[in-house]
Amino acid sequence: MVFDTDRMTRISDDMVEAEAVKGRSLWQDAWGRFFRNKAAVVSLVVLSLIVLFTIIGPYFAVWSNEEIDWNLMGNAATAGQPSIENGHYFGVDDLGRDLYSRTIQATQTSLIVGVIGALVAVFIGTLYGATAGFVGGWVDNLMMRTVDILIAIPYMFIIILLMVMFERSFFMLFVGIGVVSWLDMSRIVRGQTLSLKHKEFVEAAHAAGVGSFTIITRHIIPNLLGIVAVYASLLVPLMILTESFISFLGLGVQEPNTSLGALISEGAGTIIYGTLWQLLIPLFFFVVSLMSLFFIGDGLRDALDPKDR
Amino acid sequence: MLNYILRRVFVAIPTLLILIVLCFLLMHSAPGGPFTSERPLPPQVLANIQAKYGLDQPMIVQMWNYVVGIVTNFDFGPSFQYKDRSVNDLIAAGFPVTLTYGSISFVLATVVGVSLGVAAALKHNTLLDYIAVGVAFSAQVLPNFVMAPILVIIFTWQLGWLPGGGWEGGKWPFLVMPVIALSTSYMASIARITRSSMLEVLNSNFIRTAKAKGLPTRTIIWRHAMKPAMLPVISYLGPSFVAMITGSVVIDMYFSTGGIGLHFVNAALNRDYSVMLGVTILFGVLTILFNLVVDVLYAWLDPKIRY
């Protein structure tokens with residue numbers, strides 16, 4: 001017999017290689033898809049830059065956020081514009097406070113409120129939705145009808161009511177915003193849990209004799225994580241919007257704390273004096289952070305929830 | 001169908017009651033009553049005032065009276081802040097204003113949003129599509145409280161075309177900026193939703209069949225594609241209605257339109273609980289009613305829903 005040894009080796013090499021090709025996990029796949037999405041990657045970079053700026057920015061500040069520059073107090077319109085010489089890189093507000101420090105502080109506040117608000121909502125919503133989905137039956141029915149009823153209430157007013165009735169603290173803001181935003185989350189998680197419960201791979205696991213607990217930890221939770229991450233990331237900008245709305249009305253965080261909504265409100269109130277920078281600088285940070293958060297959320301959705309495309 | 005509507009109404013009624021009770025309890029569990037001030041009132045005076053407003057009765061009786069007052073003659077009680085005006089007076093003064101620019105914004109957002117979305121879907125992957133998507137995406141980060149000052153800078157300060165605020169009985173120059181500020185971000189969302197659902201419908205089998213049959217494009221879109229494509233849009237109308245009602249607070253505050261939102265913010269700053277309660281409940285009722293209408297409309301349009 002004549003062997004084409006070369007060819008045989010090549011084939012056997014190919015076979016070995018084929019064996020070496022590993023299956024890719026959901027997360028590796030998602031990782032790849034996310035990083036192919038240019039808008040999302042650019043947004044991630046921009047957002048990281050903003051976060052970095054809020055962390056190292058204070059070290060370059062000449063004025064603290066509470067200090068008042070008495071020279072500029074009252075004549076912000078004529079002398080308070082952004083300048084390098086007097087250390088007010090972003091100018092001053094009407095009270096002569098340094099806008100650079102205030103913007104950094106406001107951006108920090110808004111981002112933190114966004115993240116914590118989203119976490120509160122995700123925590124309550126996931127727990128509630130997963131419970132309803134797992135347990136099923138009349139418990140599920142009762143729990144979801146309650147959500148149906150609660151979802152029809154205009155929440156902004158309830159949050160404002162809460163903020164006015166109890167002290168206007170950070171804690172109240174987090175709780176208020178988070179507590180009223182978990183409803184959609186719970187619906188999504190419940191739906192996902194229900195559909196997962198009846199998926200073939202869960203059935204297969206059942207048939208193979210895998211215990212319920214292992215099925216939940218090994219098959220249901222990892223599959224829930226994707227959708228939870230997606231909606232959590234889409235919640236963050238919504239939380240920031242909500243907080244800014246409340247702060248714009250003057251009902252949110254209180255001085256000396258500030259948030260982007262509060263700064264925009266101040267800036268919007270003083271445009272008649274021609275102090276445009278007081279509006280435009282916080283507005284810039286607001287729009288850029290929100291936009292990058294939205295893009296990141298969209299990218300995550302495309303990466304983790306591919307059937308949606 | 002009637003059955004379905006009745007069932008939805010039966011869900012709406014407990015929702016309303018829960019809303020009223022929840023707000024009432026919140027208001028009354030707040031530390032410090034509406035008459036707590038820096039200088040404490042003499043106890044007799046305080047007792048008299050409380051008796052006048054019925055605050056000396058047990059909570060459950062107060063709540064019952066309040067609910068009965070609302071249900072029987074739409075009476076939200078007196079304002080605690082303005083001694084001579086009731087909550088109803090404030091609502092009667094502000095509501096027509098809010099309703100005027102609110103409904104204009106709502107109709108505008110829906111009509112323009114849907115048209116833009118449909119146009120973008122029909123011209124998929126053309127310049128028009130990209131522009132529409134870009135505009136819709138950027139408008140998402142321009143909520144009413146960002147749009148309002150930007151519009152004032154452009155149209156009042158730079159161009160001097162429009163008054164920066166006021167109402168004057170709703171003459172159109174006073175309407176333009178409130179309407180634009182309120183509707184922009186919802187217009188964008190509606191356009192996005194319309195576009196993606198229209199694209200999905202246009203790619204479906206029954207549209208291909210209609211095309212294969214040789215139907216003109218116009219007929220395909222109006223007779224076949226429009227109805228299923230509108231379903232997600234309709235279900236978004238409920239939330240956008242709520243958001244617009246909420247947004248009207250910003251408009252009233254920023255443009256001094258004198259609508260109901262201003263009273264709400266003032267009440268919130270002055271701790272005038274009865275006004276806050278009244279406005280919240282009024283908006284809650286509107287929301288629930290509107291959601292009811294949307295649900296019925298949805299059920300009527302969607303053949304998949306059994307009722």
Item to check | Options A:Leu290, A:Leu280, A:Leu293, ranked by heavy-atom pairs under 4.5 Å with chain B, top entry | outcome: A:Leu290
Item to check | Set of residues satisfying side chain to side chain contact (heavy atoms under 4.5 Å, CB included) with respect to B:Ile193, sequence neighbours excluded | outcome: B:Pro232, B:Val233, B:Tyr236
Next on the checklist: Please classify the contact between A:Ser244 and chain B as side chain, backbone, both or neither, with a heavy-atom cut-off of under 4.5 Å.
Outcome noted: both
Item to check | Residue B:Phe290 versus chain A: region with a heavy atom under 4.5 Å | outcome: neither
Checklist entry - Tell me, which pairs form a ring-ring contact (aromatic ring centres under 6.0 Å, His included) where one or both residues lie in residues 247-270 of chain A, sequence neighbours left out? => result A:Phe248-B:Phe145
Checklist entry - When you look at B:Phe264 and A:Leu249, which way does the side chain to side chain contact (heavy atoms under 4.5 Å, CB included) test go after all the steps? => result CA-CA 10 Å; B:Phe264 183 78; A:Leu249 296 177; 6.0 Å; no
Item to check | Structural part of A:Phe286 lying under 4.5 Å from a heavy atom of chain B | outcome: side chain
Item to check | Toward chain B, the part of A:Leu279 with a non-hydrogen atom under 4.5 Å | outcome: side chain
Checklist entry - Do the non-hydrogen side-chain atoms of B:Val141 and A:Leu241 ever get within less than 4.5 Å of each other? => result no
